[in-house]
Amino acid sequence: MRDRVSTGVVYVLAVLLAALLTGCTQSAAGGENDKGPAVTAPVPPSATRASGFGAVFLAVDECSSFGKTSFTEVPCSGERAAARVVARHDGTTADGPPCPATTDFVLHISEQSQISDEDGDGAVAQGYACMRNLQPPHPGDPGGGGGPRTIVGDCVYGSGSGQVRETACDGRGARKPQYKVVKAVTARSKCPLSTALYVQLGGPQPVGCARPL
């Protein structure tokens, strides 16, 4: 009697196992032409983001909170929003393309950062975000006295050893302006005769022609 009961249990388990395997085989064989109901894989909570955030940390047109060394991504409509991303690149600023001319500042994103993790795994690719303040002042504007790039309309002063630094053209900065970049050209020979200083700008027109103030 015990032998029969054991055999019956094994038989039932075998039938159930065969049914499960058949169902799995049919699901795996389905393709784009199947007419059956679509099956959507569940999304883990760590892969979702709150409304107003993107799938990529600080993507173009997203906003950051105040701070340049410690910051978070926040909704652009929120009271904590300070600046908007105008360009976003992977890698480092030394290896990647330059930020747009009127960028106010650059946020450097570390390769590992828990506060800036977009998918919950604790890892974010190294990169940098070119930021533009939501409200004035805009140091990246021509003559603004700041920004990651020196552009036409900016003013500089000599800082020694043949180096120059940018300062506000209106004289409100810590240092008074001595020269103003009036033109960007491909070579020094193309600068106006009034040029008294050549400033390295980078980009397709890397030479800035500056006149004394």
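Values below: every heavy atom of this structure, side chains too, minus hydrogens, waters and symmetry copies. Bear in mind that the values here come from a model prediction, so they are computed numbers and not experimental data.
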Check: Does I151 share a hydrophobic cluster with V86, counting links as ILVMFWY side-chain heavy atoms below 4.5 Å and allowing steps through other members?
Finding: no
Check: Are V185 and Q205 close enough that some pair of their side-chain heavy atoms sits under 4.5 Å apart?
Finding: no
Next item on the list: Please name the pair of heavy atoms, one in C76 and one in A81, separated by the smallest distance, quoted to 0.1 Å.
Entry: O-CB, 3.6 Å
Next item on the list: Just do the side chain to side chain donor-acceptor pair (under 3.5 Å) check on H138 and N133 with the steps written out, would you?
Entry: CA-CA 6 Å; H138 293 290; N133 292 331; 4.7 Å; no
Notebook entry, point to check: Okay, side chain of S65, backbone of T72: is any donor-acceptor separation there less than 3.5 Å?
Noted result: yes
Item checked: Value rounded to 0.5 Å, distance of CZ in F105 from CZ in R132 -> 11.0 Å
Check: Minimum heavy-atom separation for G146 to E166, with atom names?
Finding: O-OE2, 2.9 Å
Notebook entry, point to check: Taking all atoms of both residues into account, what is the closest heavy-atom pair of P204 and P206, and its distance?
Noted result: O-CD, 3.4 Å
Next item on the list: Over all heavy atoms of both residues, which pair between V85 and A129 is shortest? Give the atoms and the distance, please.
Entry: CG1-CB, 4.2 Å
Note to self: Tell me if a side-chain donor or acceptor on R149 pairs with a main-chain N or O of T103 at a distance below 3.5 Å.
What the structure shows: no
Notebook entry, point to check: Heavy atoms, side chains only, cut-off 4.5 Å: are R80 and F66 in contact?
Noted result: no
Note to self: For a quick test of reading the model, state the closest non-hydrogen atom pair linking Y157 to K176 and the distance between them.
What the structure shows: CB-O, 3.6 Å
Check: Is a side-chain donor or acceptor of K180 paired with a backbone partner of R211 at a separation under 3.5 angstrom?
Finding: no
Item checked: Any side-chain heavy-atom pair of D90 and Q126 under 4.5 Å -> no
Check: What distance separates D104 CG from C130 SG, expressed to the nearest 0.5 Å?
Finding: 11.0 Å
Note to self: Closer than 3.5 angstrom, by distance alone: can the side chain of T167 be matched with the main-chain N or O of G173 as a donor-acceptor pair?
What the structure shows: no
Next item on the list: Starting at CG of L193, measure out to SG of C209 and round the result to the nearest 0.5 Å.
Entry: 10.5 Å
Notebook entry, point to check: L197: which other cluster members, linking ILVMFWY side chains closer than 4.5 Å, directly or transitively?
Noted result: V152, V156, V164, Y179, V181, V199, L201
Check: Is there a donor-acceptor pair under 3.5 Å between the side chain of R88 and the backbone N or O of F57?
Finding: yes
Notebook entry, point to check: To the nearest 0.5 Å, how far apart are OH in Y128 and NE2 in H108?
Noted result: 9.5 Å
Note to self: Let me confirm one number: the OG1-CD1 distance from T92 to I109, rounded to the nearest 0.5 Å.
What the structure shows: 12.5 Å
Notebook entry, point to check: What's the shortest heavy-atom distance between K190 and T186, and which atoms?
Noted result: NZ-OG1, 3.2 Å
Check: Just how far is it from atom CG of L134 to atom SG of C63, taken to the nearest 0.5 Å?
Finding: 5.0 Å
